[in-house]
Amino acid sequence: MYEEVVRALAVDGTRFSYRRLRQPAPRTEPVVVLGGGFQGSYGWPHMEDRITPLTDLVTADLPGMGTSDPLPAGSDTTFMGQAIDRIIDDLGVPRINLFGYSYGAELAFGCAQRNPDRIARLVLGGVVSHTSPAQQASLREAADHLAVGDAEAFATVAARMQLCLDPGRHIPRRSLVYRYVKRSMLHVAVNVPNVMEYLRRSLISGPAFDGGLSGVPTLVFTGEHDSITCPDRQREFAATIAGSRFVSIREADHWVVLERAADVADLAVRFFTDQPVEPASYVADHGSELDTDLLPGSSGSPRPGW
């Protein structure tokens, strides 16, 4: 059984916290999870089930999330990066495994660029490395609804722009996921100040994915039907990271962490414990195969034991 520890921290007077589930006999470095724009410490039950038998799991209520203080006006990813670095410092470990999804992928990538020697392995999911004109138009429509106080219409548009609703692309429990995401968007519209700023940060690509990365074993993944940033665009982003791998997960879209939560947790466990990923049945075949030259034990592996 693991021990749960919640630590309160602050950056420039803005209070936030992280939650650490301790594994007394870890088999790999602690796993730090950074989620989307509205995901906090308690939103990762499948990760808890799969990670805690192996190592410590760390989740966070970063500024503006969960019970933490709102983001200061005008703050950007630099401020969030300071908060993440503060968590890593407070953990008191030489290196961590880092998992980032959606907006959290942007934060995790920036953290690895700043601290490559402190990141043992990096997993980035649902990377918003490109935003289409259609997505930008949907965001403007959502903002217009919110400006006139129509939270219901805002939630509908915000949910639809995050999900693949094409009936020709199979996604299990699509209607259930849609209701969940729409209800979540309605909740934040009513309860979260400056909700549009959070949504823009989550769904609009920016320069944060520029600059490349080397020296950190990295896996990039997404749902095969991701409609925010298509898999081909995310594969292109993965190619900017030296020696990285890319996979897409079957029958899922941008909300792959909800639609295929157990599979995402299994993927993370495999990568963070240096196990091969390619036998997994949930990995899509078309255009999403692993680079076999970079699998553990191959001659192309950029790091021993990877």
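What you see is a predicted model, and the numbers here were worked out from it, not measured in a lab. What you see below is based on every heavy atom in this structure, not just the backbone, and it leaves out hydrogens, waters and symmetry mates.
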| Distance in Å, His145 NE2 paired with Thr156 OG1, rounded so as to fall on 0.5 Å steps | 8.0 Å
| Side-chain contact, heavy-atom cut-off 4.5 Å: Phe16 with Val11? | yes
| said: Among residues at least two apart in sequence or on other chains, which ones pass ring pair (Phe, Tyr, Trp, His ring centres under 6.0 Å) with Phe237? | reply: Phe109, Phe209
| request: Could you walk me through whether Glu4 and Arg19 pass the salt bridge (Lys or Arg N to Asp or Glu O under 4.0 Å) test, one step at a time? | output: CA-CA 7 Å; Glu4 180 178 11; Arg19 175 176 175 247; 2.6 Å; yes
| field | Check ion pair Glu29-Arg121 (N to O, under 4.0 angstrom) | value | yes
| said: Does Arg173, at its CZ atom, have more than 12 non-hydrogen atoms belonging to other residues, nucleotides or ligands within less than 6.0 Å? | reply: no
| query | Excluding sequence neighbours, so at least two apart, what forms side-chain hydrogen bond (donor to acceptor under 3.5 Å, both in side chains) with Gln234? | reply | Thr222, Asp226
| said: Within the 3.5 Å criterion, strictly below it, is a donor on Ser227 or His254 matched to an acceptor on the partner's side chain? | reply: no
| Which residue pairs satisfy the ring pair (Phe, Tyr, Trp, His ring centres under 6.0 Å) criterion with at least one member in residues 39-59, sequence neighbours excluded? | Trp44-Phe99
| said: With salt bridge (Lys or Arg N to Asp or Glu O under 4.0 Å) as the rule and sequence neighbours excluded, what pairs involving residues 142-160 come up? | reply: Glu152-Lys182
| task | Go through the structure and list residues passing side-chain contact (heavy atoms from CB on, under 4.5 Å) with Asp76, not counting sequence neighbours. | result | Thr78
| Under-4.0 Å salt bridge between Arg260 and Asp266 | no
| Ile241 versus Leu124: any side-chain heavy-atom pair under 4.5 Å? | yes
| Ala137: side-chain contact (heavy atoms from CB on, under 4.5 Å) partners, not counting sequence neighbours | Arg140
